[in-house]
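In the text below, chain A, chain B and the rest are named by the order of the sequence lines, each starting its count at 1.
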There are 2 protein chains.
Amino acid sequence: MSEHLPNQPGQRLARGICRAFASLGWETLLEYVPTRGLRVDVIALGPKGEIAIVECKSGIEDFRADQKWQGYLPWCDRFYWAVDADFPVDVLPDGMGLIIADAYGGEIIREAPEVKLPAARRRAVTLDFARVAARRDRRYRDPDVRHLEG
Amino acid sequence: MSEHLPNQPGQRLARGICRAFASLGWETLLEYVPTRGLRVDVIALGPKGEIAIVECKSGIEDFRADQKWQGYLPWCDRFYWAVDADFPVDVLPDGMGLIIADAYGGEIIREAPEVKLPAARRRAVTLDFARVAARRDRRYRDPDVRHLEG
């Protein structure tokens with residue numbers, strides 16, 4: 001079997017997170033922009049429309065450099081940190097979910113508290129998720145078209 | 001520039017349709033299954049969540065073989081036929097939209113009447129579209145994972 005391991009530690013965590021969510025029936029997008037100036041590592045959409053955001057931290061410096069994570073909370077029902085097994089999890093803020101992951105999968109160690117999105121926000125995020133995902137699919141299946149989009 | 005022209009006439013039409021919708025700001029999926037037993041050539045999702053279905057007919061035999069198109073109407077706000085410039089459009093049922101297309105684009109010749117989806121159906125289709133699109137994106141970015149899904 002071929003192997004396509006991502007180069008960066010954070011990308012390897014993200015791949016494992018997406019596999020873990022897929023095994024639970026959730027679909028994911030990487031590098032999703034909920035609004036200008038914010039970019040989340042992983043957004044996941046559950047079978048009933050539940051929305052989770054996962055920030056992958058490859059090390060403590062990576063975590064300390066993140067000044068924006070609280071800005072992600074209004075865009076999801078649940079927020080998780082994802083780190084590898086060597087990460088000093090005590091430095092992470094209390095009260096969010098925690099997933100231990102590697103490039104091949106992950107496990108939810110601490111469930112995230114649920115704060116349900118308002119209906120209008122959920123509709124908007126779901127629609128935008130749909131359009132971003134389809135745009136990415138289209139660019140794979142019709143790579144020639146990029147130049148048409150300006 | 002490389003060229004990835006699809007083999008089948010219907011697939012070439014579908015590619016042009018997707019390009020045409022993209023130029024209007026709509027995102028598309030090919031071969032979408034709204035419910036068991038139905039498979040539409042193209043479903044398109046507009047900037048405000050509008051949902052269109054497009055059936056691509058490569059020739060009159062292809063059209064005559066389609067016994068299911070009326071089943072697609074409850075899954076969209078607007079329904080279009082897409083055919084190439086040589087197609088005898090008089091054989092198409094009245095009252096639906098019409099797009100003339102080729103592999104490189106298309107043009108709406110007759111606008112489709114709008115019959116807005118009920119809110120619950122729109123939510124369900126949008127969510128399913130999102131999850132199908134993200135699954136396809138994931139299989140491109142992580143092809144090794146297919147074997148995990150059974």
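Between the side chain of B:Asp137 and the backbone N or O of A:Arg136 there is no donor-acceptor pair closer than 3.5 Å. B:Glu55 contributes no side-chain N or O that, together with a main-chain N or O of B:Val40, makes up a donor-acceptor pair within less than 3.5 Å.
Using a cut-off of 4.0 Å between Lys/Arg side-chain N and Asp/Glu carboxylate O, A:Arg78 and A:Glu50 are scored as not salt-bridged.
A:Trp81 has its ring centre no less than 6.0 Å from the ring centre of A:Phe87.
With chain A as partner, the option from B:Trp26, B:Tyr140, B:Phe129 having the largest number of non-hydrogen pairs under 4.5 angstrom is B:Tyr140. Among the candidates A:Asp128, A:Val132, A:Leu45, the residue making the largest number of heavy-atom pairs closer than 4.5 Å to chain B is A:Leu45.
With a 4.5 angstrom heavy-atom cutoff, A:Arg122 does not touch chain B via any of its atoms. In this structure, chain B has heavy atoms under 4.5 Å from both the backbone and the side chain of A:Pro47.
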